[in-house]
2 protein chains.
Amino acid sequence: MHPLLLSQVEQYIVPSQEDIDTLHSKLGTRRYLKGQYLVQQGDICPHLSFITSGCSKTFHIDPQGNEHITRFAIEGWWSADLGSFLTQTAADCSVKCLEDTHVLQITHQGMQELYKEAPAFERFFRNLFENSFIHSEKRVIANFSLTAKERYLAFQKRYPQIEQRVPQYMVASYLGMTKQFLSKIRNQLMVENS
Amino acid sequence: MHPLLLSQVEQYIVPSQEDIDTLHSKLGTRRYLKGQYLVQQGDICPHLSFITSGCSKTFHIDPQGNEHITRFAIEGWWSADLGSFLTQTAADCSVKCLEDTHVLQITHQGMQELYKEAPAFERFFRNLFENSFIHSEKRVIANFSLTAKERYLAFQKRYPQIEQRVPQYMVASYLGMTKQFLSKIRNQLMVENS
DNA sequence: CATAAATGTTCAACTGGTTGAACATGATTT
DNA sequence: AAATCATGTTCAACCAGTTGAACATTTATG
C-alpha cells in the first residue's frame, strides 16, 4: 500500500490489516504521460484516481469554447470527474495530466465491492466527501465575495506548491479571470511590495 | 418517523426497523419562527436540521457588510452550516428562517452515536454528501461559465418552487448579482416574450 | 384606513474585468 | 541556429454588471 494513501486513510479511520488488503486488491496502478486524459468531457468517468506523483487539472469547456479549470490535483489528492464517476453519467469536465503522473485507481464496480467487503471505507469516503463539499462551498463564497486580486492572494497562500508547478494562465482560469488580468494584478503587487 | 425523511432515507439505503428507531431516537423536533436563526455566523453550528415544513436561507456576510446567499432550503432538504457542523468550528455562514419552519434535528454527538449504532447511515450520509458536493461543483462551473441572465434562467428552471417563495432580491443575492440587475434582466425577458 | 416597513423598478454614472491584437521571452524540436 | 510552440506582458477599446439615489408598489400592523 502506498504510504501517501495509507496515511490519508489513517487520518480518518483505523483500518484492520484486512481492510487494507481489501482496498489494495481493488486498486490498479497506472502511469499517464503529460498531456494524457484521465477522463474526457462527455464520457463516463471510468476511475477514481489517487495521485502518487504528478499533477492534473480538471476543466470544463463551455459552449463558446472557453476552458474553465475547476481543480488542480497533485500527489496525495484524488482526481476524477466525481459527479460522473459517482453517478456513472456523462462527465461535464475533462481531467488532463500536466506532468507524467502515477496513480492508484479504482472503478465504480470496485468501489461498490469495497464498501461491501470493507465497510470501514464507507466512513473514510464519507469523510472525504464531507471535506470536498466544505471546500467547494467555501469556493462558492470566495467567488462571490472576493475581488480578483483577493482571490489570487488567497490562492497563493493556500496552494503555494501549485502556483510553482502550473503555468500562470491556468491559475488565472482556476481563479475565474483572464490571464491578462492576472498579469496586471501581479504587476500591481510587484509595485506595491517595492 | 416523518414520511419525507423516511422516503429520503429509502432512496439510498434499505433500513431495518431498528435503524429507523435508532435514527428516530437521535432526532429532536423544533419549530422556528420566521426570522429566527438556526446558526449565526461565528458560532459553532449546533445541529443538522431536516426541514419538514418552511424555508431557510444560508448566507455569508462579507467584511464590507454585504450579504451573499449560498443556499435556500425547503421541506425535504437538510439545512445547516455544514462545514461548521461537521468540523465543530466557527460558522462562516448564518442560517435564518424565511418562514415559520419545522425541523427534525440531530447534534454532532448524536451523529457520531448514530453512525456507531446504525452503521447503515454511514452510507446514507455518504450518498448525501456526494450529491451535495456534485451540486456545489456544478455551481462553481455555472458561476464561471454563465452570464447573469443564463444563471437566472437556470435557477428558474431548476427551482421554480423557490422562486415563488422567496423575495426577488434574495434570488439575486443567491445568483451573485444585484437586485437592480436582476430586475433589469426580468424586464428584458418580459419584452422578449411578448 | 393610515402609516410604516419591506420589496421592486428605473436611471445615469461608473468600474472591475474582458477582448483582441501585438510584442517579448524562453523552451523544444529539427 | 533556425523555427516553432508555449508562455507571459502591455495596451486601448469595450462591456457586463455595480452603485446609489429616487420613486412605485405591495404587505403588515396599530
Side-chain angles (χ1 to χ4, degrees), chain A residues 33-36 55 57 59 61-69 72 96-100 142-156 162-194, chain B residues 33-36 55 57 59 61-69 72 96-100 142-156 162-194:
Chain A
L33 297 175
K34 178 174 176 173
Q36 286 188 309
C55 179
K57 67 170 173 178
F59 60 100
I61 306 280
D62 71 22
Q64 288 83 54
N66 299 312
E67 172 176 319
H68 304 276
I69 297 179
F72 295 110
K96 190 174 183 175
C97 294
L98 301 177
E99 305 171 1
D100 289 1
N143 289 159
F144 277 155
S145 56
L146 303 183
T147 62
K149 190 181 194 168
E150 290 168 333
R151 258 148 43 219
Y152 175 58
L153 289 170
F155 174 81
Q156 269 196 318
I162 292 181
E163 201 191 356
Q164 303 317 311
R165 262 166 100 163
V166 312
Q168 194 174 306
Y169 73 90
M170 290 190 191
V171 173
S173 171
Y174 176 82
L175 294 173
M177 66 187 82
T178 59
K179 59 191 170 156
Q180 294 95 321
F181 198 62
L182 178 54
S183 177
K184 191 173 172 181
I185 287 170
R186 284 169 51 87
N187 203 319
Q188 272 176 34
L189 291 171
M190 299 264 291
V191 174
E192 283 173 24
N193 302 328
S194 66
Chain B
L33 296 176
K34 178 173 176 173
Q36 286 188 310
C55 179
K57 67 170 173 178
F59 60 100
I61 306 281
D62 71 22
Q64 287 84 56
N66 299 312
E67 171 175 320
H68 304 277
I69 296 180
F72 297 108
K96 190 175 183 175
C97 295
L98 301 177
E99 305 170 1
D100 289 2
N143 289 159
F144 277 156
S145 56
L146 302 183
T147 62
K149 189 180 194 169
E150 289 167 333
R151 260 150 38 221
Y152 174 59
L153 289 170
F155 174 82
Q156 268 196 320
I162 291 182
E163 202 192 354
Q164 303 317 312
R165 263 165 101 162
V166 311
Q168 194 174 306
Y169 72 91
M170 292 191 191
V171 174
S173 171
Y174 176 82
L175 293 173
M177 66 187 82
T178 59
K179 59 191 169 158
Q180 294 94 323
F181 198 62
L182 178 54
S183 176
K184 192 173 171 183
I185 287 170
R186 285 168 51 88
N187 202 320
Q188 270 176 36
L189 291 171
M190 299 264 292
V191 174
E192 283 173 24
N193 301 330
S194 66

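Fair warning: this is a prediction, and the values are worked out from it, not measured in the lab. Chain identifiers are assigned alphabetically (A, B, ...) following the order of the sequence lines, protein sequences preceding nucleic acid strands; residue numbering begins at 1 within each chain.
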Atom-to-atom span, CG of Leu98(B) to C1' of dA6(C) - whole angstrom: 14 Å
Phosphate OP1/OP2 of dT10(D): any Asn187(A) side-chain N/O under 4.0 Å: yes
Check against side-chain contact (heavy atoms from CB on, under 4.5 Å), Asp100(B) and Gln36(B): CA-CA 9 Å; Asp100(B) 289 2; Gln36(B) 286 188 310; over 6 Å; no
Spacing of Gln64(B) atom CD relative to dG16(C) atom C1', expressed in whole Å: 14 Å
Ser145(A) side chain vs Asp62(B) backbone, donor-acceptor pair below 3.5 Å: no
Whole angstrom value for the distance that separates C1' of dA6(D) from NZ of Lys57(A): 12 Å
Length of the NZ-C1' vector between Lys179(A) and dC11(D), whole Å: 14 Å
Sequence-aligned protein contact record of nucleotides 15-30 of chain D, with B where the base is within under 4.0 Å of a protein heavy atom and S where only the sugar-phosphate is: --BBBBB---------
Side-chain donor-acceptor pair present, Glu163(A), Tyr152(A), cut-off under 3.5 Å: yes
Distance below 4.0 Å between Gln168(A) side-chain N/O and dT9(D) OP1 or OP2: yes
Protein-nucleotide distance (Tyr169(A), atom OH; dC5(D), atom P), rounded to Å: 14 Å
Aromatic plane relationship, His68(A) with Phe144(B) - under 30° parallel, 30 to 60° tilted, over 60° perpendicular: parallel
Gln188(B) side chain to Lys149(B) side chain, donor-acceptor N/O pair below 3.5 angstrom: yes
Asn143(B) CG - dG17(C) P separation (whole Å): 15 Å
Glu163(B) CD - dG8(C) C1' separation (whole Å): 14 Å
Carboxylate-amine/guanidinium proximity below 4.0 Å for Glu67(B) and Lys57(B): yes
Atom-to-atom span, CE of Met190(A) to C1' of dT10(D) - whole angstrom: 14 Å
